[in-house]
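One structure is given below, encoded as structure tokens.
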Amino acid sequence: MEEKYLEILTQTAERSKSNTHQIDEIKSDIKEIREESKALNQLATSVELIAKDMTVFKDDVSSFKSDVAEIKVAQSEMKDEIADVKNEAIRKKAGWFDSIGKFIITTAGTGILAFLLGNLFPNIFG
């Protein structure tokens, strides 16, 4: 009977060693899992911060786009005003040349009419 107890005691000791070895492995695995969990949490936090930064960046880009749109409108208005200023000078010159042309034509017409009337009716205009 002692042999049976000795055998049971030996088996229990071997199981104890095996269980201790398994517990050590499990502790090591748990430690690795904790480290990986921390790394995942840090990664998730980093992704969250990046997402927040992207939102701010998106808002900044939207602001820049609206500013650029306003600048384009102002630039277009300035181009129109500059074109009007340039065209005004050209219109003034054209009006001046038109006036000179009318004056010359009127003067020439009046001269020709006076010459014709003077030759046709010398008694009246002569």
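In what follows, residues are counted from 1 in the order of the sequence shown. Remember, predicted model here, so these are calculated numbers, not experimental data.
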Handout entry: Pairwise side-chain contact, E81 with V85, heavy-atom cut-off 4.5 Å (strictly under)
Key = no
Handout entry: Side chain S99, main chain G95, donor-acceptor under 3.5 Å
Key = yes
Practice task
Taking only Lys NZ, Arg NE, NH1 and NH2, and the carboxylate oxygens of Asp or Glu, determine whether E7 and K4 approach each other closer than 4.0 Å.
Solution key: no
Handout entry: I8 CD1 to R15 CZ distance, which is reported to the nearest 0.5 Å
Key = 9.0 Å
Exercise for the section: With rounding to the nearest 0.5 Å, note down the distance linking CD in E32 to NZ in K27. Expected result: 15.0 Å
Exercise for the section: Group every Ile, Leu, Val, Met, Phe, Trp and Tyr by side-chain heavy-atom contacts under 4.5 Å, then state whether L120 and L113 land in the same group. Expected result: yes
Problem - With sequence neighbours excluded, residues passing side-chain contact (heavy atoms from CB on, under 4.5 Å) with D67 - result: S63, E70
Practice task
Decide yes or no for W96 and I100: does some side-chain heavy atom of the first lie under 4.5 Å from some side-chain heavy atom of the second?
Solution key: yes
Practice task
First locate atom CE of M54, then atom CG of L49, and finally report the distance between them rounded to the nearest 0.5 Å.
Solution key: 13.5 Å
Practice task
Step by step, work out the salt bridge (charged side-chain N to carboxylate O under 4.0 Å, His left out) result for K38 and E35.
Solution key: CA-CA 5 Å; K38 285 180 184 178; E35 289 173 1; over 6 Å; no
Handout entry: Spatial distance of atom CD1 (I112) from atom CG (L117) [nearest 0.5 Å]
Key = 12.0 Å
Handout entry: Side-chain donor/acceptor of S16 to backbone N/O of T12, under 3.5 Å
Key = no
Exercise for the section: To the nearest 0.5 angstrom, please state how far the CG atom of D98 sits from the CZ atom of F103. Expected result: 15.0 Å
Problem - Residues in side-chain contact (heavy atoms from CB on, under 4.5 Å) contact with E14, at least two apart in sequence or another chain - result: T10
Handout entry: Distance, nearest 0.5 Å, that separates CD1 of I90 from NZ of K92
Key = 12.5 Å
